[in-house]
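Take a look at the structure set out below.
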Amino acid sequence: MTKQYEVLFSREQLAARVAELGAELRRDYAGKTPLVLGVLKGAVFFFADLLRAAELPCKIGFLTASSYLHSTESSGEVTVKMPNADEIRGQDVILVEDILDTGNTLYKLTRLLREQGANSVKTIVLLDKPDRRTADFSADYVGFTIPDAFVVGYGLDFDEQYRYLPDVVVLPQDTGK
Ligand code: 5GP
């Protein structure tokens with residue numbers, strides 16, 4: 001199905017790494033019931049696979065953070081919608097994000113969650129592009145570290161396209177990147 005694209009991580013590689021990350025969460029959060037928050041929309045496939053792999057008693061929720069406006073470059077401004085403070089206060093929050101790029105999004109989200117009274121805040125990202133970091137931020141759990149390429153699939157989009165692809169692939173050149 002995705003043969004015409006340059007596959008960076010196949011569905012098998014993704015499943016194997018997600019299983020390892022799930023086992024890490026299960027071990028690190030044993031005896032706790034964390035609040036796992038997925039960042040919409042890009043993290044939804046990773047979020048669902050990760051939580052099934054972790055088999056960890058938890059609560060779930062979602063938030064939105066948008067900084068990309070029909071482009072592959074971050075605007076720097078991050079608009080956030082998140083659960084109410086009373087859902088966050090006292091919780092051990094695990095924030096699940098698709099990709100860490102400049103770091104602006106997760107820097108802002110983790111700060112907001114702490115301000116809302118979370119007991120602890122950890123972040124887990126499927127992909128990390130450290131070469132592009134501008135914010136002073138690193139994730140607690142990382143699936144794969146990747147070079148500076150714009151990737152899509154497994155929930156990640158370009159202008160709302162490609163999310164459905166089961167593999168993580170490099171954005172095809174003819175899409176304007
Ligand atoms: P940051 O705030 O760290 O610069 O950006 C994080 C967000 O930028 C991610 O949640 C994602 O929406 C978007 N992003 C960054 N790099 C990529 C990429 O290579 N592919 C896609 N599809 N989105 C990306």
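One-based numbering, in listed order, for ligands and for the atoms of each. Quick note: residue numbers are just sequence positions, from 1. Computed from a prediction, not measured in an experiment: that's the story for all the values here.
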Side chain to side chain donor-acceptor pair (under 3.5 Å), that's the test. Do Asp98 and Tyr154 meet it? Break it down for me. CA-CA 9 Å; Asp98 51 5; Tyr154 195 58; over 6 Å; no
Side chains of Ser120 and Asp92: donor-acceptor distance under 3.5 Å anywhere?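 The answer is yes; a qualifying pair exists.
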At less than 4.0 angstrom from any non-hydrogen atom of [X], what atoms of ligand 1 do you find?
X      : answer
Thr105 : 1 (P), 2 (O), 5 (O), 6 (C)
Ile99  : 6 (C), 9 (C), 10 (O), 11 (C), 14 (N), 15 (C), 16 (N), 17 (C), 18 (C), 19 (O), 24 (C)
Leu156 : 21 (C), 22 (N), 23 (N)
Ala149 : 19 (O)
Asp157 : 21 (C), 22 (N)

Under 4.0 Å, counting heavy atoms only: does [X] come that close to any atom of ligand 1?
X      : value
Phe158 : no
Gly42  : no
Ala135 : no
Lys129 : yes

Sidechain N-carboxylate O distance under 4.0 Å for [X], [Y]:
X      : Y     : result
Lys122 : Asp28 : no
Arg89  : Asp86 : no
Glu87  : Lys59 : no

Leu106 N/O to ligand 1 N/O under 3.5 Å: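 N/O-N/O distance under 3.5 Å: no.
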Less than 3.5 Å between some nitrogen or oxygen of Leu100 and one of ligand 1, yes or no?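 Not met; the criterion fails.
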Heavy atoms, side chains only, cut-off 4.5 Å: are Leu112 and Val80 in contact?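 Yes, their side chains come closer than 4.5 Å.
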Below a 4.0 angstrom heavy-atom separation, can you tell me which part of [X], side chain or backbone, both or neither, approaches ligand 1?
X     : result
Ala65 : neither
Val39 : neither
Glu97 : side chain

Answer with yes or no whether the hydrophobic clustering places Leu156 together with Tyr162; edges join I, L, V, M, F, W, Y residues whose side-chain heavy atoms lie under 4.5 Å apart.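 Per the 4.5 Å side-chain linkage, Leu156 and Tyr162 are not co-clustered.
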Can you sort out the partners of Glu55 under salt bridge (Lys or Arg N to Asp or Glu O under 4.0 Å), two or more places apart, ordered by chain and number?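 Checked Glu55 against salt bridge (Lys or Arg N to Asp or Glu O under 4.0 Å); zero matches.
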Taking ring-ring contact (aromatic ring centres under 6.0 Å, His included) as the cut-off, I'd like each qualifying pair that reaches into residues 26-64, sequence neighbours left out, listed once.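 Every ring-ring contact (aromatic ring centres under 6.0 Å, His included) pair that includes a residue of residues 26-64, provided the two are not neighbours, is Phe47-Phe62.
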